[in-house]
Each structure stands twice: as structure tokens, then as C-alpha cells.
Asks: 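One structure follows; several queries about it will come next.
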Amino acid sequence: MTIQSGAVALGSQRKRMWSRFQRHRMAMISGALLLGLALLAVAAPGLEILLGVDGGRVDLYQRFQLPSLAHPLGTDELGRDLLVRLAYGGQVSLSVALVAAAFSAVLGTLVGLPAGYFGGRFDDILMRFTDGVISLPLLPLLIVLVAVDLEKLGVPADIAQSPNAGLYRIIFIIALFGWTTVARLVRAETLALKTRGFVRAAHAMGANEATVIFRHILPNVVSPTIVATTLSVGNIILLESVLSFLGMGIQPPMASWGNMLTNAQDLMWSAPQLAVWPGLFIFFTVISFNFLGDGLQDALDPRALN
Amino acid sequence: MIRFLINRLGGSLVVLLIMSFIIYGLIGLMPGDPIDEMIAANPDLTSEDVAHLKSLHGLDKPIMERYGNWLSAALGGDFGYSRIHARPALEILMPHLWNTTVLMSIVMALSLAIAIPLGVAAAYKPNSFLDYGANLISFAGISVPPFWLALLAIIIFSVTLGWFPAGGMETVGDGGLGDRARHMVLPVMVLTLHTVGGYTRFIRASMIQTLRQDFIRTARAKGMSDIRLLIHHALRNAILPLVTVVALGFGSLFSGALITETMFSWLGVGKLIFDSILGNDFNLALVGLLFATLMTLIGNIIADIAYTWVDPRIDLAAGAGRA
């Protein structure tokens, strides 16, 4: 009986969250847009079949085609279909951002939760460290890190030069710096939860530290972490696109929205239309994640001021 | 307060020291050292020459020893020579620093001049058409890729319309004030669009919070006009926390403009760091990166001091400045 009523309460809480989320119109639109973009990315191979083109095939006779039935968005400087390239680029840009954001969230929780829970000297050291990482000049450091020669670090050549190495490297590097926001947030949240009645009651009933942390603290820091992580996805997409644009992130021929713009600067006199689409895709993806995060914040944390 | 300052300065020095070691190590891990480049440029070099050159520049020594040598020289104010420019690295940094400061001051002033009235107006009538518009612009500003915005600005205003130059600091042979201003328009525009959104959202939130307080209701009940209420009572309180945000942003501006400076060939610190990393100019990259870190650290300290100045209830010695 009690379990059932608990389930009902949980169900109605979810319903309330959903209805609060629905009221945030931009977040709803953003969610739909992101779903569409994800579908396009997943459907990239199908799109190739449908249009009868090969996204990777270079055909110099077909350079700089304007939009047509065969190429809905035209072709690039190597005669590749722009729409198909954008879809494949979406696979890379979206998966890099989601995986890096997830890693950052896990790392941040691993630092922030113990810091807030155990406090004292331990907390001091961890937070000093976090402050130090936050004060680093992010973009220049990322550029240095991306340029590091993996073979000098002792990574075997066949791994360091495999086509996916650039992908893993950029995820790793972004997660290395991305955890600080979540760490601070989780720490602050844990500090507040620690003194709440239900946690003290758990202690009083003889629950050990692990039970308190995993059963009582962790589930309660999940929703702020989700909000912060959603908001960070947009930033990560921006970072990845900047690095790829500079030629230091995802390496061609693998497409990412950032590296599709690398040549656009040289071509802006002859083919300015090439600069439009990849940038628009980045822009709409990032703004959608930001609106989505905003909507989730309203839905998950109604106390927050808006 | 004094104790707090000493503590923070000490902590910042430690961060700076650790940073210098990390950057030093990382730069050593980048492909190609200066000797490799000499070999590439001069095929006549024998392996004995290479060994000789490496020992001449100390590159055959272990990294700790090299770092120790660099550090003791740096503490004496000698940051070494720039490989590309063949001049002391500090001497190269200074003019770039000035260029970045000029660009950033204008961007900062312009952003605040737009963000404050916009944020106040949005907070005065929440959920109005204007509020939605300001919100949309804010979100767009933080979501647009800066390099793409720069690219579009160049395509529209330089390539198509021909109104402003696509890059550089001044036209060779001209260099008057008007000419320099024209070169500044596009980078300032791109950077301002990028920064104004965050400030607007901050002011709006801060104003809404202030407008809910009792003293505002009292003032309104006493028949104060809306304009006077907004500016004299609400804004004066709401604007104070902005000091902290501006101070925090101050430091990051020195490296944050890397993309815009590179796109518009603006000879600032960001472009300097980028070019020196690409050009294997170790000493210059080190100085630039360390300087950018220093600026961020100073910005953080100023922000913490601003906290207490804004709200005397906060006790920094108790570590509240970190919360």
C-alpha cells in the first residue's frame, strides 16, 4: 500500500515536471529540433542511398554546385554533397559533445560529492585544485593539448595514428577541463543536503557512509547535474567546432561541422554559400541545448528564480 | 582582509608556478623542436651538428633540469628569445598586450552600455515582447560560434558591401585614427555580440530579484515614479553584483579573444599565443600563456574583493568568497 502511494506520488511529480517543461515553449521547440538533427545524423547512410550519392567521393567536375534535386544544399569545394556531409558531421559533432559532457559530469560528481560530504582539509585541497583549473586560459591550453605528439608520450604509433584517435583525444581533453562546473555544483548541493533531516535521520538509524552517499545524497544531486550537463553540451560543441575549424580537432576526411568551415575562409570570395550551412547547424544545435537546459532547470528546480 | 589578500596572492603564485611547469612540459611534447626545424631547413646538417646544437641549447638535458634553468632565468625577468621574431619574448608581448587592452576595453564598455538598459527594460516588464526579444538575443549571442560570426561579418561587410576592411590593424601608408577605427569595427562588433548576452541575462535576473524586495514596494507605495524607482533604487542595488562578473570576465578576455583576433588579424595576445604555438616558438608561447593565466587569477582576486565591497556581510576570511 505504502509502496503504491509512493509510486503514485513519484508519478505525479514526473507529471508536474513534464507540464512545467511544456510551458517553456522555446525548450519544447529546441527539443524537437534536436531530435530532428539527431535523426538526420543517424539517417546519413540512408540519405546517401536516397539521393544516390557517396558523401566521401571527391568529384572535381561537381564542385560548387548550387542546390538542386540531386544535391539539396549543393556541393563543396571537392564536389561532395553538402547535406550528406552535414549529416555525417552531425554524427561526429553530436557524439563528441554528448560523450564529453557525460564524462565531465561523472568526473565532476566524483570530485564534488566527496569534497562536500567529507569537508575539512580534503574539501579545501579539492576546491583549491578546482579553482586552479578554472583559472586556466581554456582555449590556448586546449590548442597546446591538441597539438601534443602522442607518440612522445609513449602511445603506440598504430593507436596514435588511427583515424579515430582525433575523436578520442578531443573527448578526453574536453572532459579534462569540463568537470569543474559540475564539481562545484555537486559540492554546494551536497553541503546543503548533508544537514537536511532525512540525511541525519539515516545516520541516526545507523546507515553507513556508503548507504548515505549512494541512497540519499547522490539521487538528490542528479537533477542539478542534468541541467548543468545539458547546458555544457552546447559549450562543448562550440569548443569542438572551434578546434576543428582551426584544423586541430577532428581531421578530414572525417567531417565535423567545425572542419567543414576550415576552407570557407579561403573560399569566401568565390563560394561564400559554403560558409552558411555548417555554421547554421552549429548555431541551432548550441542554442537548442541552451534553451533545453533552461527549460529543464525550470522543470526540475521550481524554486530557482526565473 | 590583509590576511585574505596574502593568502590569495600566495595561492595564485602556486597556481602560476604549477601552470608554468605544465605548459613547459606540454610544449616539449609538441611535434618538432627548434632543432628539428633547423634540420628541415638545412639538409647539410650532420648528426654531430644536431647533437652539438641540442647541447648548445640545452635540449639534451632532462626536462626537470631544463625547466629549472628556465624558471631561474624567468624569475630574474629573462623569459628568453622568441624564435620567430628573434627578439626578447617580453618585448614582443608588450605591444600585443596593448592592442588587446584597447580592443577589450571598447568591447566591455559597449557591451555594458547595451546590456544594462536592455536588462533593466526586460526586468521591468517580464514576459513582455521586449523581454522575449532580449532573451532571444542573449541566447543567440552565447550560442553563435565566434569564428562563424566573424566569417559572416567579413563576407557581408567586407566582401559584399565593402564597408570595412576584412582584417589587420591599419592600412599601410594611412594609419590615422579614422583608419584604425574602421579596422576595429568588425572585431568589436563580433566580440560585443558574443559578450552582451551573458551580461543582459545577469542584469535581468539581478533586477527581478531586487524588484521583489520590500524597500521597492515601500517606495512604490509612497508614490515614487517608475523611472526613478528603477534607476535610483533598483538598479543601484542590482548593478553591484555585476562588478564581480565583469572582474571575472576581465581575465578571460585576454585569451578569450583568440579566435576573433586570429580571424581579423588583430595583433593581440590571443593571436600571439596561437601563432607562437603553431610556429613552435616555445618561449613566446610560454610567456603568452602564463600572462593569460596571471590575468585570470588577478581577475578572480578582484572579483573576490568586489564581493566584500558590494556586500559587507560576506566574510572572505571564512572562505565565503568561493561559494
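Any value given below was found using the heavy atoms of this structure, including those in side chains, with hydrogens, waters and symmetry copies removed. A, B, ... follow the sequence lines: proteins, then strands. Residue 1 opens every chain.
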Asks: Give a yes or no on whether the backbone of Pro278(A) and the side-chain of Trp148(B) come within a donor-acceptor separation of less than 3.5 Å.
Replies: no
Asks: I need the residue from Thr285(A), Val276(A), Leu145(A) with the largest number of non-hydrogen atom pairs under 4.5 Å to chain B.
Replies: Val276(A)
Asks: Just checking Tyr67(B): does its OH atom have more than 12 heavy atoms from other residues, nucleotides or ligands closer to it than 6.0 angstrom?
Replies: yes
Asks: Quick one, Val144(B) and Ile282(A) - any side-chain contact, counting heavy atoms below 4.5 Å?
Replies: no
Asks: Which pair of heavy atoms, one from Ile23(B) and one from Leu141(A), lies closest together, and at what distance?
Replies: CG1-CD2, 4.4 Å
Asks: For the OH atom on Tyr168(A), are there more than 12 heavy atoms of other groups (residues, nucleotides or ligands in this structure) within a distance under 6.0 Å?
Replies: no
Asks: Which atom names give the shortest non-hydrogen contact between Ile155(B) and Ala275(A), and what distance separates them?
Replies: CD1-CB, 3.9 Å
Asks: Is it the backbone or the side chain of Leu280(A) that comes under 4.5 Å from a heavy atom of chain B, or both, or neither?
Replies: both
Asks: Which atoms of Ala188(A) are under 4.5 Å from chain B, going by heavy atoms: the side chain, the backbone, both sets, or neither?
Replies: neither
Asks: Which region of Ile22(B), side chain (C-beta onward) or backbone (N, CA, C, O), has a non-hydrogen atom less than 4.5 Å from a non-hydrogen atom of chain A, or is it both or neither?
Replies: neither
Asks: Output the distance between atom CE (Met26(A)) and atom CG (Leu136(B)), rounded to the nearest 0.5 Å.
Replies: 5.0 Å
Asks: So, for Leu238(A) and Pro145(B), which heavy atoms are closest and what is the spacing to 0.1 Å?
Replies: CD2-CA, 3.5 Å
Asks: Do other residues, nucleotides or ligands put more than 12 heavy atoms under 6.0 Å from the CZ atom of Phe284(A)?
Replies: no
Asks: Considering only heavy atoms and a distance below 4.5 Å, find which of Phe289(A), Phe129(A), Phe245(A) pairs most often with chain B.
Replies: Phe245(A)
Asks: Does Arg128(A) form a side chain to side chain contact (heavy atoms under 4.5 Å, CB included) with Val14(B)? I'd like the steps, not just the answer.
Replies: CA-CA 11 Å; Arg128(A) 275 287 161 91; Val14(B) 172; over 6 Å; no
Asks: Rounded to the nearest 0.5 Å, how far apart are CD1 of Ile142(B) and CD1 of Ile287(A)?
Replies: 8.0 Å
Asks: Check step by step if side chain to side chain contact (heavy atoms under 4.5 Å, CB included) holds for Phe274(B) and Leu246(A).
Replies: CA-CA 10 Å; Phe274(B) 184 63; Leu246(A) 294 173; 3.8 Å; yes
Asks: Between Ile273(B) and Leu139(A), does a side chain to side chain contact (heavy atoms under 4.5 Å, CB included) hold up when you go through it step by step?
Replies: CA-CA 10 Å; Ile273(B) 293 176; Leu139(A) 194 55; over 6 Å; no
Asks: Kindly give the heavy-atom pair with the smallest separation between Phe147(B) and Ser241(A), and that separation in Å.
Replies: CE2-OG, 3.4 Å
Asks: Report the distance from atom CG of Asn290(A) to atom OG of Ser138(B), rounding to the nearest 0.5 Å.
Replies: 11.5 Å
Asks: So which heavy atom on Ile277(B) is nearest to which on Pro140(A), and how close?
Replies: CD1-O, 3.9 Å
Asks: Does any backbone or side-chain atom of Phe291(A) lie under 4.5 Å from a heavy atom of chain B? Answer side chain, backbone, both or neither.
Replies: both
